[in-house]
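We name chains A, B, ... by the order of the sequence lines, and we start the count at 1 in each one. These figures come from a predicted structure and were not determined experimentally.
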There are 2 protein chains.
Amino acid sequence: MKKKQNITLKALAKTLDLSISTVSRALNDHPDISWETKERVKTLADKHNYVPNLFASGFRSHRTHILGVIVPNISHYFTTTILKGVLEEGENLGYRVIISESKNDEKKQSEMLRTMVQFGVDGVLMALSRKTKSVDEILKVMNRLPLVMFDKVSGKIPCTEVVINEEEAAYNAVEHLINTGKRRIAIIKETEGSYNSEKRYQGYLRALKEYHIPVDEKIVLSTEDISLAKGRMMANILLSLKTRPDAIFAITDSAAIGVIKALNKFKVKIPEEIAVVGFSNSASSTIINPSLTTVDQPGNKIGRTAVKYLIDEIENPKEDMFSKTIEIKTNLIVRDSSFKA
Amino acid sequence: MKKKQNITLKALAKTLDLSISTVSRALNDHPDISWETKERVKTLADKHNYVPNLFASGFRSHRTHILGVIVPNISHYFTTTILKGVLEEGENLGYRVIISESKNDEKKQSEMLRTMVQFGVDGVLMALSRKTKSVDEILKVMNRLPLVMFDKVSGKIPCTEVVINEEEAAYNAVEHLINTGKRRIAIIKETEGSYNSEKRYQGYLRALKEYHIPVDEKIVLSTEDISLAKGRMMANILLSLKTRPDAIFAITDSAAIGVIKALNKFKVKIPEEIAVVGFSNSASSTIINPSLTTVDQPGNKIGRTAVKYLIDEIENPKEDMFSKTIEIKTNLIVRDSSFKA
DNA sequence: CTGAAAGCGCTTACAG
DNA sequence: CTGAAAGCGCTTACAG
């Protein structure tokens with residue numbers, strides 16, 4: 001084994017001619033210990049570069065100071081911004097973070113959850129994988145460990161949830177289109193209403209309703225596995241309609257970019273003939289031409305907030321579990337695809 | 001504390017009327033134990049859903065089965081593909097992964113390294129933060145722990161390194177431009193020669209040399225903190241030259257995209273007047289118009305390979321440290337920015 | 001084939 | 001103010 005041993009409490013105690021208990025307490029600033037002793041101990045510890053074996057203390061105290069995070073896909077830009085927030089805030093509060101990818105596989109998700117529990121994490125942060133049918137495994141884990149969910153959540157799990165104001169964000173996006181004079185606004189959403197898709201659709205409906213614009217089912221399009229390619233397909237469908245829409249709201253940036261690519265191909269003028277709005281403010285939204293109007297989701301803040309709530313639950317355990325939803329505000333970023341100055 | 005206790009060896013031993021030692025050995029398939037006993041033990045363990053407390057065994061055996069990963073920036077797409085590979089292969093081999101971001105801050109990087117050691121990870125995987133001046137801290141860690149570096153490496157650290165064939169990749173990219181008839185090929189690289197930038201520049205030089213094209217310093221541009229904005233600036237400079245280049249090789253995709261944006265703005269025909277090649281095959285390379293010819297870096301493979309070597313070093317420790325460089329092959333992806341079919 | 005016992009490095013109730 | 005001792009859950013050399 002290559003691992004060189006760190007200096008231990010025992011060794012310190014020996015050279016100081018004190019008991020291990022006293023050294024331990026001195027290092028932990030226990031009030032019982034005299035100022036003098038503390039000084040002596042700390043000086044020697046510093047000199048020898050003493051670092052406590054977190055493993056031993058964790059084992060002893062049943063606390064590992066590790067948080068587990070489970071996300072469907074680590075390479076989504078939005079996910080990485082959340083993870084950044086989690087890492088930063090976690091570190092600030094003295095926790096390390098273990099990350100797992102569920103790859104939108106429900107079985108894998110359950111497995112990971114179990115491994116994390118077995119591993120001894122102090123709490124779990126998770127975004128549900130798409131199409132999670134059964135939440136039994138998750139509920140089981142909740143009996144043992146604090147759990148906070150973010151982004152992709154489920155009403156069936158009574159825990160703290162940190163999400164963005166999906167409905168309002170969509171409402172704002174559609175309202176913006178209405179304010180620029182658009183009246184025939186199409187939406188591209190997911191077939192199997194995920195939490196996010198459903199909320200955004202509701203925001204769309206509310207905006208239309210409040211501005212007394214009738215809903216036309218012909219321009220409400222749904223697709224599975226929403227993507228750039230699907231966005232392009234949907235745009236083709238919309239272009240083939242007798243009465244084309246004058247705006248398209250896609251509930252993801254990638255679909256919106258697919259839409260723009262299709263419109264560009266057919267030389268449809270954006271935004272004059274058809275305006276486009278996406279959702280996420282992904283990196284690509286400023287690469288595409290025209291640049292994409294989209295909803296900025298503050299991932300960092302979501303991550304930080306989720307961690308804060310989780311650590312609070314870890315450090316101040318409460319007996320009863322109950323749902324609590326924290327909504328993080330988003331911001332519509334207006335670019336050329338919907339408005340030309 | 002909310003944590004419900006898992007069933008322990010002790011409890012199992014009691015109900016089976018066996019010693020703890022025997023139960024432990026039975027579960028670990030120790031050859032000494034009779035087949036019958038093993039069966040009895042395993043059956044009961046399954047029934048009670050026994051999971052070993054990894055923390056206790058880790059503490060005992062000085063092995064945590066955690067790997068630490070330190071990367072400069074978790075939201076670079078290329079980095080996430082590497083991390084994916086690390087997570088996948090790590091999981092396969094029974095390791096969990098702790099991820100940290102150094103944010104290209106040398107001090108932070110050292111801190112993280114120390115925390116990881118203290119924490120008890122079994123090995124560390126890292127990509128150096130930009131402009132790392134001193135490797136002392138890293139060398140110190142190497143005395144205690146296996147270390148494997150990837151992507152951003154340093155010749156000063158005698159450890160296994162997993163990198164892509166930077167020089168060859170750049171050579172191939174430039175050769176491709178030459179093959180399409182280009183002769184006046186500009187390069188946009190980094191000022192302070194990072195490992196990657198330097199290697200790519202060497203590949204550029206070798207290609208020119210082998211095809212007997214003289215190097216013209218006027219079209220060898222360097223910039224700090226290479227980025228989209230910088231790419232755009234460099235393109236403007238190149239456009240203002242008396243004799244414009246007929247191709248631009250940017251050593252990152254973002255710079256290449258900045259170049260394309262600038263060329264588009266001035267209605268320069270791509271690739272007829274000026275061809276553009278980038279490096280990374282980032283998501284944006286197919287969003288930009290024209291789509292970007294670029295070098296695909298197999299991040300997943302890099303991650304998997306790095307983990308394999310690391311775990312091998314953990315499980316089969318050798319006394320002497322020595323450098324070993326594993327090169328992963330890249331692939332040039334030809335798109336519209338350099339060649340129109 | 002099985003068991004008793006030591007020990008990993010630390011914390012903490014108990015005693016003085 | 002300080003110390004002796006138990007114990008967290010497991011593994012493993014030693015003994016039989």
N/O (side chain, [X]) to phosphate O (OP1/OP2, [N]) under 4.0 Å:
{"X": "A:Ser19", "N": "D:dG3", "value": "yes"}
{"X": "B:Thr22", "N": "C:dC1", "value": "no"}
{"X": "B:Thr37", "N": "C:dT2", "value": "yes"}
{"X": "A:Tyr50", "N": "C:dG9", "value": "no"}
{"X": "A:Ser24", "N": "C:dT11", "value": "yes"}

Going by heavy atoms in the side chains, are B:Lys103 and A:Glu88 under 4.5 Å from each other? yes
Within a strict 4.5 Å, meaning less than it, do heavy atoms of the B:Val41 and B:Thr37 side chains meet? yes
Nearest-angstrom distance, C1' atom, D:dT12 to D:dG16: 16 Å
Rounding to an integer number of angstrom, what distance separates D:dT2 and D:dA6 when you compare their P atoms? 23 Å
Before you tell me yes or no, could you show the steps for A:Glu137 and A:Arg114 under salt bridge (Lys or Arg N to Asp or Glu O under 4.0 Å), namely the whole-Å CA-CA distance, both residues' side-chain angles and the distance that decides it to 0.1 Å? CA-CA 8 Å; A:Glu137 191 75 30; A:Arg114 245 174 297 144; 3.0 Å; yes
Round to the nearest Å and state the distance from [X] atom [atom1] to [N] atom [atom2].
{"X": "A:Arg25", "N": "C:dT11", "atom1": "CZ", "atom2": "C1'", "value": "9 Å"}
{"X": "B:Leu16", "N": "C:dT2", "atom1": "CG", "atom2": "C1'", "value": "14 Å"}
{"X": "B:Asn28", "N": "D:dA13", "atom1": "CG", "atom2": "P", "value": "13 Å"}
{"X": "A:Lys14", "N": "D:dA4", "atom1": "NZ", "atom2": "P", "value": "14 Å"}
{"X": "B:Leu12", "N": "D:dC10", "atom1": "CG", "atom2": "C1'", "value": "12 Å"}
{"X": "A:Lys10", "N": "D:dA4", "atom1": "NZ", "atom2": "P", "value": "14 Å"}
{"X": "B:His30", "N": "C:dT2", "atom1": "NE2", "atom2": "C1'", "value": "11 Å"}
{"X": "A:Asp17", "N": "D:dA4", "atom1": "CG", "atom2": "P", "value": "10 Å"}

When you get a sec, tell me which of [options] is the closest nucleotide to the side chain of [X]?
{"X": "B:Ile20", "options": "C:dT12, C:dT2, D:dT11", "result": "D:dT11"}
{"X": "A:Asp32", "options": "C:dT12, D:dC1, C:dT11", "result": "D:dC1"}
{"X": "A:Ser21", "options": "C:dT12, C:dT2, D:dC1", "result": "C:dT12"}

Does the [X] side chain pair with the main chain of [Y], one donor and one acceptor, at a distance under 3.5 Å?
{"X": "B:Lys38", "Y": "B:His30", "result": "yes"}
{"X": "A:Glu89", "Y": "A:Lys308", "result": "no"}
{"X": "A:Thr15", "Y": "A:Ala11", "result": "yes"}

For D:dA13, which nucleotide in any strand shown is its Watson-Crick or wobble partner with both distances under 3.5 Å? none
Paired nucleotide for D:dA4 [Watson-Crick or G-U wobble; both distances under 3.5 Å]: none
Under 4.0 Å between any heavy atoms, over every strand shown, what does A:Leu18 touch: base, sugar-phosphate, or nothing? Just pick one. sugar-phosphate
